[in-house]
Every structure is written in C-alpha cells, then in structure tokens.
Amino acid sequence: QVQLVESGGGSVQAGGSLRVSCAASGLSYSSYCLGWFRQAPGKEREWVAAIFRDGISTYYSDSVKGRFTISRDNAKSTLYLQMNSLKPEDTAIYYCAATVNCAHLNSVSAFRYWGHGTQVTVSS
C-alpha cells in the first residue's frame with residue numbers, strides 16, 4: 001500500500017548538479033519525517049539528509065552539507081534532494097525513506113518505509 005518511488009538519477013560529471021525526487025503514496029504524507037540515504041557497492045547504507053514534518057527543519061551529513069539541499073512539497077507528496085558540486089564519491093544508489101517517529105533521523109533503523117533507489121553516478 002505504501003509506496004516510495006525515486007526518480008531523477010543518472011550520470012553527471014564531477015562539479016555538476018542533479019536533482020532526485022521521491023513520490024509517496026499510500027500514507028499521510030505530512031505526518032512523516034523523510035530522509036535520503038545512499039549506498040555504494042560494498043559499503044553500508046549511509047545517511048545523507050532528513051527533513052521534519054513541517055518542511056522547515058532540515059539536517060545534513062557533514063559530507064554533503066553546503067552542497068545538497070533537501071526539501072519537500074506536501075501538496076505533491078514529493079521529496080527532493082538537490083545535489084550540487086557533485087563529487088565521484090557521491091556515486092551511489094540513493095534511497096528515500098519515511099518514518100512517523102521523527103527521532104534519530106540519521107539512523108537507518110528509524111525508517112520503516114523505503115523506496116527501491118535511484119542510481120547516481122558521478123564521473124571525474
């Protein structure tokens with residue numbers, strides 16, 4: 001019933017920009033805190049960013065702070081991640097996730113619902 005579907009991934013040169021989106025359905029969208037995670041081959045899933053229910057409070061990992069911007073459009077039930085100044089080390093599958101429990105938003109375990117991911121590849 002609950003679905004999160006990512007889109008917008010692709011290949012980009014280092015220094016370029018990309019925006020990935022996550023369309024949600026089957027849930028009361030505004031009741032959920034949302035997050036972006038990424039996973040590179042052979043590595044653990046890594047927290048990237050999170051946004052509170054109100055769409056105002058945002059949180060970023062140190063590795064992306066100043067380069068990425070998370071936002072949400074509650075009217076469209078869509079989450080976004082604008083990625084600028086991309087680096088090869090940003091290459092990963094990017095996943096969106098949702099949780100009704102808005103504590104520990106940098107933790108994989110806090111999120112119940114997940115999308116299937118979208119590939120982002122940054123070449124040098």
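Along the sequence shown, the residues carry numbers beginning at 1.
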(message) How about CD on Gln3, more than 12 heavy atoms from neighbouring residues, nucleotides or ligands closer than 6.0 Å, or not?
(response) no
(message) Side chains of Met83 and Val20, heavy atoms from C-beta outward: is any pair under 4.5 Å?
(response) yes
(request) For residues Gln13 and Ser124, report the shortest heavy-atom separation together with the two atoms involved. (result) NE2-O, 3.6 Å
(message) Taking Lys76's backbone N and O only, do any of them form a donor-acceptor pair with Asp73's side chain (distance below 3.5 Å, no angle check)?
(response) yes
(request) Treating Ile, Leu, Val, Met, Phe, Trp and Tyr as nodes and any side-chain heavy-atom pair under 4.5 angstrom as an edge, say whether Val120 and Leu34 lie in one connected cluster. (result) yes
(request) Mind jotting down which residue pairs meet the ring-ring contact (aromatic ring centres under 6.0 Å, His included) criterion with at least one end in residues 79-106? Sequence neighbours excluded, please. (result) none
(request) Enter the distance from Arg38:CZ to Lys43:NZ here, rounded to the nearest 0.5 Å. (result) 8.5 Å
(request) Answer yes or no: is there a side-chain heavy-atom contact under 4.5 Å between Thr91 and Gln119? (result) yes
(message) Taking CD in Glu89 as the centre, count heavy atoms belonging to other residues, nucleotides or ligands within less than 6.0 Å. Is the count above 12?
(response) yes
(message) Looking at every heavy atom in both Ser30 and Asn74, which two are closest together, and how far apart are they?
(response) CB-ND2, 3.8 Å
(message) If we ignore hydrogens and angles and just use 3.5 Å, is the side chain of Trp47 paired with the main-chain N or O of Val108 as donor and acceptor?
(response) no
(request) Enter the distance from Arg112:CZ to Tyr32:OH here, rounded to the nearest 0.5 Å. (result) 7.0 Å
(request) Return the minimal non-hydrogen interatomic distance between Ala49 and Leu81, and the atom names on each side. (result) CB-CD1, 4.4 Å
(message) Keeping Arg53 on the side-chain end and Cys33 on the backbone end, is there a donor-acceptor pair under 3.5 Å?
(response) no
(message) Using modelled atom types and a 3.5 Å cut-off, is there a donor and acceptor pairing between side-chain atoms of Asp62 and backbone atoms of Lys65?
(response) no
(request) State the CG-OG distance between Leu86 and Ser11, to the nearest 0.5 angstrom. (result) 11.0 Å
(request) Output the distance between atom OG (Ser57) and atom CD1 (Ile70), rounded to the nearest 0.5 Å. (result) 11.5 Å
(message) Between Tyr29 (side chain only) and Thr78 (backbone N and O only), is there a donor and an acceptor less than 3.5 Å apart?
(response) yes
(message) Are Leu79 and Leu27 connected into the same hydrophobic cluster when the rule is that any two of I, L, V, M, F, W, Y join if their side-chain heavy atoms are below 4.5 Å apart?
(response) yes
(message) I'd like to check His116 versus Val5 (side-chain heavy atoms, cut-off strictly below 4.5 Å). Are they in contact?
(response) no
(request) Kindly indicate whether the side chain of Thr69, heavy atoms from C-beta on, has any atom under 4.5 Å from the side chain of Tyr60. (result) yes
(request) Mind checking the OG1-CG spacing from Thr121 to Asp90? Nearest 0.5 Å is all I need. (result) 11.0 Å
(request) Taking the side chain as every heavy atom from C-beta outward, state whether Thr118 and Ile93 have any atom pair closer than 4.5 Å. (result) no
(request) State whether a side-chain donor-acceptor pair under 3.5 Å links Asn84 with Ser17. (result) yes
(request) Would you check if the distance from the ring center of Phe68 to the ring center of Trp36 is below 6.0 Å? (result) no
(message) Test of understanding: with salt bridge (charged side-chain N to carboxylate O under 4.0 Å, His left out), list the residues that count as partners of Arg72, not counting sequence neighbours.
(response) none
(request) Give, for atom OG of Ser85 and atom CZ of Arg67, the distance between the pair rounded to the nearest 0.5 Å. (result) 7.0 Å
(message) For a 4.5 angstrom cut-off between non-hydrogen side-chain atoms, does Phe52 reach Thr58?
(response) no
(request) Treating Ile, Leu, Val, Met, Phe, Trp and Tyr as nodes and any side-chain heavy-atom pair under 4.5 angstrom as an edge, say whether Ile51 and Phe37 lie in one connected cluster. (result) no
(message) Would you say Tyr113 ends up clustered with Leu105 if hydrophobic residues are merged whenever their side chains have heavy atoms under 4.5 Å apart, either directly or through other cluster members?
(response) no
(message) Is there a path of hydrophobic side-chain contacts, each under 4.5 Å between heavy atoms, that joins Val2 and Phe111?
(response) no
(message) I need the minimum non-hydrogen distance between Pro88 and Ala14, along with the two atoms involved.
(response) CD-CB, 4.1 Å
